[in-house]
Structure formats: structure tokens, C-alpha cells
Amino acid sequence: MGLESSLNFRRVSDTVTTSGTVAADGLGELGAKGYDLVINLLPDSSEYAVPDEAGIVRDQGLDYVYIPIDFARPNHEEFASFAAVMDANVGKTIHVHCAANYRVSAFYSLYAMAQGWWSTEEADEHLREIWTQGDYPAWKEFLAAERARLSG
């Protein structure tokens, strides 16, 4: 299964794509597709985690960043770590994934808002295309708190 057929795959900018879990063969193609960095927000303990994902990515000469986000308890520190990695890699071709692109879409939408690339409405539309945060109170609260930080 290639990258583009990964669950909820999205091209969010010229240099950034996002998705749910990427199968090992899809991860193994990222170097040939011109990617520089993979950011994984899925805890290794997840049933959807790919064994030795870091090795598969690094063996191609790509950078790999692991920021495991507990789906039940997203927090500001994790988002700040994600934003710092994104800031440090501007201009690189990046793929960010988790299990279903829920964690990633939330984090990326906040990051795009913080950068002034997306309005609240654009961020909401991006999220709605992928999932309904209202079904997950921890995420609804997290997004509201982070958006309040951004506006305030």
C-alpha cells in the first residue's frame, strides 16, 4: 500500500503531506519520492504502529521524529514539540502521520493557524473532512484551549 492510499491521506501544502498509518512498503518508498522527514505521532504501543518504522525511514537517509501522542490526553507540550520540529524543518518535504490522521490533522491545523496560513474556518473544514472532534471530548477541549492560546 503506497503513501497516497494510506487512510485519510492529505496534501496540506507543497511540502507537507499527512495521513493515518503508512504501511511498511509505503514508508520504504518515501526517500524515492523526495521526502526528507517523517514525523510519527502514533505511540509504538498502538496496534496500528509499524514495527521498526524508525529504521525503515532512517535506512533511506531520511530524518525521523517520534512524538507519541496519547489519544486520550493530548497536551500543549506535545503540540509545542510538533511546532518546533515543523519550524526547524521549513522547506523540507515532510510526511506526518498517526493512526487515522486525527492527531495529525488537529496538530497541523493548529500549526497552520499559528503561522497565519489558515483561518479558523479553513482549519475547521480540514478537520471536518477527516473526523468529528466532538465525538472525542479530550480533543474538543484541547483544540479550544490551543486556539485560545493562539488568539491570546
Side-chain angles (χ1 to χ4, degrees), residues 3-22 26-27 29-31 33-46 48-50 53-54 56-58 60-152:
L3 177 66
E4 291 81 10
S5 59
S6 299
L7 181 63
N8 289 322
F9 175 84
R10 298 290 189 278
R11 177 166 296 284
V12 293
S13 77
D14 290 341
T15 58
V16 179
T17 57
T18 68
S19 73
T21 299
V22 181
L27 289 169
E29 299 172 349
L30 294 178
K33 291 185 175 209
Y35 284 85
D36 301 302
L37 168 66
V38 172
I39 303 171
N40 178 8
L41 304 185
L42 180 64
D44 286 338
S45 60
S46 169
Y48 304 107
V50 174
E53 177 174 330
I56 294 168
V57 171
R58 288 184 177 131
Q60 301 169 75
L62 280 67
D63 291 327
Y64 181 81
V65 175
Y66 176 62
I67 307 171
I69 310 301
D70 180 344
F71 192 78
R73 289 182 284 287
N75 64 59
H76 174 71
E77 292 73 24
E78 293 163 340
F79 173 67
S81 294
F82 171 79
V85 171
M86 294 298 290
D87 287 345
N89 289 282
V90 170
K92 292 185 179 178
T93 303
I94 302 169
H95 184 71
V96 190
H97 82 86
C98 57
N101 204 354
Y102 290 9
R103 294 167 178 90
V104 175
S105 61
F107 275 37
Y108 189 82
S109 69
L110 290 168
Y111 182 73
M113 288 175 63
Q115 297 301 313
W117 302 333
W118 288 0
S119 67
T120 301
E121 293 76 21
E122 289 168 315
D124 285 345
E125 178 62 26
H126 175 73
L127 291 167
R128 273 193 303 274
E129 289 176 1
I130 299 171
W131 66 307
T132 305
Q133 303 74 50
D135 293 343
Y136 304 93
W139 283 91
K140 186 176 179 182
E141 292 168 17
F142 168 75
L143 285 164
E146 291 301 314
R147 287 179 173 188
R149 285 180 195 264
L150 293 176
S151 65

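Since the model is a prediction, treat every value here as computed from it, not as a measurement.
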Chemist: In chain order, what residues pass the side-chain contact (heavy atoms from CB on, under 4.5 Å) check against Ala54, with sequence neighbours excluded?
Modeler: Arg58, Tyr64

Chemist: According to side-chain contact (heavy atoms from CB on, under 4.5 Å), who are the partners of Lys140, at least two apart in sequence or on a separate chain?
Modeler: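 For Lys140, no residue satisfies side-chain contact (heavy atoms from CB on, under 4.5 Å) once neighbours in sequence are set aside.
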
Chemist: Distance from Ile130 atom CD1 to Asn101 atom CG, nearest 0.5 Å?
Modeler: 4.0 Å

Chemist: With sequence neighbours left out, what residues match Tyr35 under side-chain hydrogen bond (donor to acceptor under 3.5 Å, both in side chains)?
Modeler: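 Testing Tyr35 for side-chain hydrogen bond (donor to acceptor under 3.5 Å, both in side chains), a comparison that skips the adjacent residues, returns Thr17.
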
Chemist: Could you work out, with side-chain hydrogen bond (donor to acceptor under 3.5 Å, both in side chains) as the rule, every residue matching Glu121, not counting sequence neighbours?
Modeler: Ser119

Chemist: Any salt bridge (charged side-chain N to carboxylate O under 4.0 Å, His left out) pairs touching residues 88-106, not counting sequence neighbours?
Modeler: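 Every salt bridge (charged side-chain N to carboxylate O under 4.0 Å, His left out) pair that includes a residue of residues 88-106, provided the two are not neighbours, is Asp63-Lys92.
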
Chemist: What orientation do His95 and Phe9 show, parallel under 30°, tilted 30 to 60°, or perpendicular over 60°?
Modeler: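 Ring orientation of His95 relative to Phe9: parallel.
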
Chemist: Which pairs pass salt bridge (charged side-chain N to carboxylate O under 4.0 Å, His left out) with one or both residues in residues 65-89, sequence neighbours excluded?
Modeler: Asp70-Arg73

Chemist: Please tabulate, for side-chain N and O atoms in residues 145-152, each donor-acceptor pair with protein atoms closer than 3.5 Å (sequence neighbours left out).
Modeler:
unit_1	atom_1	unit_2	atom_2	d
Glu146	OE1	His76	ND1	3.0
Glu146	OE2	His76	ND1	3.0
Glu146	OE2	Arg149	NE	3.4
Arg147	NH1	Asp124	OD1	2.8
Arg147	NH2	Asp124	OD1	2.7
Arg149	NE	His76	ND1	3.3
Ser151	OG	Arg147	O	3.3
Ser151	OG	Ala148	O	3.2

Chemist: Check side-chain hydrogen bond (donor to acceptor under 3.5 Å, both in side chains) between Arg128 and all other residues, then give those that pass, not counting sequence neighbours.
Modeler: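 With sequence neighbours excluded, Arg128 shows a side-chain hydrogen bond (donor to acceptor under 3.5 Å, both in side chains) to Glu125, given in chain and number order.
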
Chemist: Identify, with sequence neighbours excluded, every residue that meets ring-ring contact (aromatic ring centres under 6.0 Å, His included) alongside Phe107.
Modeler: Phe79, Phe82, Phe142

Chemist: How long is the straight-line distance from CH2 of Trp117 back to CD of Glu122, given to the nearest 0.5 Å?
Modeler: 12.5 Å

Chemist: Take atom OH of Tyr48 as the centre, draw a 6.0 Å sphere, and report whether it contains more than 12 heavy atoms from other residues, nucleotides or ligands.
Modeler: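 For Tyr48, atom OH is not crowded (no more than 12 foreign heavy atoms under 6.0 Å).
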
Chemist: Do the ring planes of Tyr111 and Tyr108 sit parallel (below 30°), tilted (30 to 60°) or perpendicular (above 60°)?
Modeler: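 Correct class here is tilted.
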
Chemist: Salt bridge (charged side-chain N to carboxylate O under 4.0 Å, His left out): which pairs involve residues 3-16, sequence neighbours left out?
Modeler: Glu4-Lys33, Arg10-Glu129

Chemist: Just jot down the side-chain hydrogen bond (donor to acceptor under 3.5 Å, both in side chains) partners of Trp131, sequence neighbours excluded, or say none.
Modeler: Ser105

Chemist: Not counting sequence neighbours, which residues clear side-chain contact (heavy atoms from CB on, under 4.5 Å) with Thr132? List them please.
Modeler: Asp135

Chemist: Calculate, to the nearest 0.5 Å, the distance between atoms CD and CD1 belonging to Glu29 and Ile56 respectively.
Modeler: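 One finds 11.5 Å between CD of Glu29 and CD1 of Ile56.
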
Chemist: So, Trp118 side chain and Leu110 main chain: donor-acceptor pair closer than 3.5 Å or not?
Modeler: no

Chemist: Mind checking the CG-OG1 spacing from Leu37 to Thr93? Nearest 0.5 Å is all I need.
Modeler: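 Spacing of CG (Leu37) from OG1 (Thr93) equals 9.5 Å.
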
Chemist: Once rounded to the nearest 0.5 Å, what's the spacing between atom CG of Asn40 and atom SG of Cys98?
Modeler: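 The CG atom of Asn40 sits 8.5 Å away from the SG atom of Cys98.
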
